[in-house]
Amino acid sequence: MSTPLAGWTDELARARLHFVTGKGGTGKTTLAASLGLALAKGGRRVLLIEVEGRQGIAQLFDTEPLPYAEQRIAAVPGGGELRALHIDVEAALLEYFEMFYNLGFAGRTLRRMGAIEFATTLAPGLRDVLLTGKIKECVGRTESDGRHTYDAVVVDSPPTGRVVKFLDVTKALTDLAKTGPIRGQADGVVRLLHSGETAVHLVTLLEEMPVRETVEAVAELDGADLRPGAVLVNRVRPPRLPARSVTAAADGRVDASRVRSGLASAGLNLPESTLDALVEETVEHAVRVAAEQRAREQLAEADLPGLELPDLTDGVDVAALYELAEALTEQGVR
């Protein structure tokens with residue numbers, strides 16, 4: 001099997017909550033934002049959420065740091081809209097106090113006393129329950145006409161090494177309240193995260209470590225009864241050699257005389273040192289292409305739909321996010 005790619009499936013198109021995870025450095029925040037833009041095409045309203053406190057979304061869109069409020073961050077062709085939310089854990093806990101216990105004033109007092117930090121340190125699972133609880137509220141919120149406020153919610157999630165712990169609210173609850181409003185809210189989170197409305201997408205590069213973490217994360221998600229979505233292969237570079245030549249070139253078998261005659265027929269007569277450098281670069285390129293092919297075969301074992309995103313040599317800015325969103329749309333994201 002040479003490739004894991006099968007495009008965006010009808011099952012993924014029915015999901016409304018999309019978590020995006022990946023090994024650090026693979027570009028998960030960039031692809032979460034691009035996925036949000038792609039899902040907002042055609043007049044849809046999408047919410048992009050971050051939970052790690054890094055303000056990565058604000059940096060990507062070159063805006064001021066996001067407050068704990070949903071605000072429009074980008075317009076999308078066709079009348080779509082992307083909003084963004086940075087979830088602050090303390091603000092989320094105060095919201096819980098006010099919503100479920102009518103303790104708005106008391107909650108603010110607790111905040112001044114540092115009790116919120118103490119509580120989330122004492123019960124680390126509480127932090128993830130608060131974050132996922134707020135996400136669930138955004139997914140389930142409806143307007144006066146009964147329609148959902150957001151057609152889709154995309155979450156820039158913790159990296160692959162922590163994402164299952166973040167999403168496994170059932171386990172976190174064993175350390176928290178057995179009954180009461182927070183328990184009831186968390187039970188609703190569990191139902192949502194384990195339903196067909198939720199998908200966990202994995203961002204990777206065609207490199208050994210990210211691919212290994214991706215495959216391991218898929219197994220972890222399956223073990224926790226959470227649904228892996230698509231593999232998003234980032235920074236893909238096109239091969240420059242015919243497929244039949246890759247194996248030989250990767251083994252160092254490059255005929256320098258043929259390279260020289262080919263260049264000469266194109267009117268290029270290069271010094272021997274330049275020719276040697278070209279041969280060396282050809283071998284290095286073939287080694288990389290062969291390694292990437294092995295990575296694709298390893299990803300294929302996960303048996304997930306997948307999409308490939310191009311390597312953007314000029315870096316990532318807002319225009320690049322739209323370019324990546326278009327690439328996702330062309331591969332079926334809707």
Side-chain angles (χ1 to χ4, degrees), residues 3-22 26-50 56-57 60-61 72-85 135 138-139 148-157 160 163 193 195-206 210 214 217-218 221 226-236 296 299-300 302-312 316-334:
T3 172
L5 301 185
W8 202 251
T9 64
D10 290 341
E11 187 179 14
L12 291 178
R14 288 191 289 272
R16 294 187 54 249
L17 175 55
H18 301 265
F19 291 95
V20 179
T21 184
T26 57
K28 72 177 180 67
T29 300
T30 297
L31 293 197
S34 301
L35 178 61
L37 289 170
L39 290 171
K41 291 196 75 170
R44 303 175 86 208
R45 181 184 292 167
V46 175
L47 179 64
L48 176 62
I49 296 177
E50 71 174 351
I57 292 173
L60 270 181
F61 286 92
R72 176 173 163 150
I73 199 167
V76 179
E81 178 181 78
L82 182 66
R83 294 185 181 181
L85 170 65
I135 291 167
C138 293
V139 173
H148 284 109
T149 301
Y150 296 107
D151 296 293
V153 173
V154 179
V155 183
D156 178 19
S157 309
T160 45
V163 71
L193 297 188
S195 75
E197 285 198 279
T198 299
V200 185
H201 309 295
L202 300 109
V203 179
T204 188
L205 307 178
L206 291 175
T214 298
V218 170
L221 289 165
L226 294 161
R227 183 162 68 112
V231 175
L232 307 177
V233 185
N234 199 15
R235 301 177 198 155
V236 175
R296 282 190 172 92
L299 287 173
D303 196 27
L304 293 177
L307 302 90
E308 290 195 352
L309 290 305
D311 185 28
L312 302 177
V316 177
D317 55 13
V318 176
L321 295 177
Y322 281 93
E323 183 180 337
L324 291 171
E326 186 60 33
L328 290 170
T329 301
E330 289 171 357
Q331 295 174 78
V333 172
R334 59 197 186 281

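Residue numbers count from 1 along this sequence.
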If we only count heavy atoms from C-beta on, is the D10 to R334 side-chain gap below 4.5 Å?
yes

For the atom pair OH (Y150) and CG (L82), what is the distance rounded to the nearest 0.5 Å?
9.5 Å

d(H148 NE2, L47 CG) to nearest 0.5 Å is 13.5 Å

So, the side chain of E308 versus the backbone of V236: is there a donor-acceptor pair under 3.5 Å, distance only?
no

Hey, is R227 close enough to E197 for a salt bridge, meaning N to O under 4.0 Å?
no

Return the minimal non-hydrogen interatomic distance between A15 and A199, and the atom names on each side.
CB-CB, 4.4 Å

Can a side-chain donor-acceptor contact be found between N234 and T26 if the only test is distance below 3.5 angstrom?
no

Is the backbone of E81 close enough, under 3.5 Å, to the side chain of R72 for a donor and an acceptor to pair up by distance?
no

With heavy-atom distances below 4.5 Å as the criterion, would you say the side chains of V20 and D156 are in contact?
no

side-chain contact (heavy atoms from CB on, under 4.5 Å), that's the test. Do L48 and I73 meet it? Break it down for me.
CA-CA 9 Å; L48 176 62; I73 199 167; 5.5 Å; no

Do other residues, nucleotides or ligands put more than 12 heavy atoms under 6.0 Å from D317 CG?
yes

Would you compute the distance between atom CH2 of W8 and atom CG of L328 and round it to the nearest 0.5 angstrom?
7.5 Å

Would you give the length of the straight line joining atom CD1 of I49 to atom SG of C138, rounded to the nearest 0.5 angstrom?
4.5 Å

Which class fits the ring pair H201 and H18: parallel under 30°, tilted 30 to 60°, perpendicular over 60°?
parallel

Apply side-chain contact (heavy atoms from CB on, under 4.5 Å) to L232 and Q331, showing your working.
CA-CA 11 Å; L232 307 177; Q331 295 174 78; over 6 Å; no

Close side-chain approach of L193 to L17, heavy-atom, < 4.5 Å:
yes

Any heavy-atom pair between the side chains of L309 and T30 that's under 4.5 Å?
no

Between CG on residue D311 and CG on residue L206, distance to nearest 0.5 Å
11.0 Å

Between T160 and T214, is there a donor-acceptor pair closer than 3.5 Å when you use the side chain of the first and the backbone of the second?
no

Nearest 0.5 angstrom please: T329 OG1 to L39 CG, how far?
8.0 Å

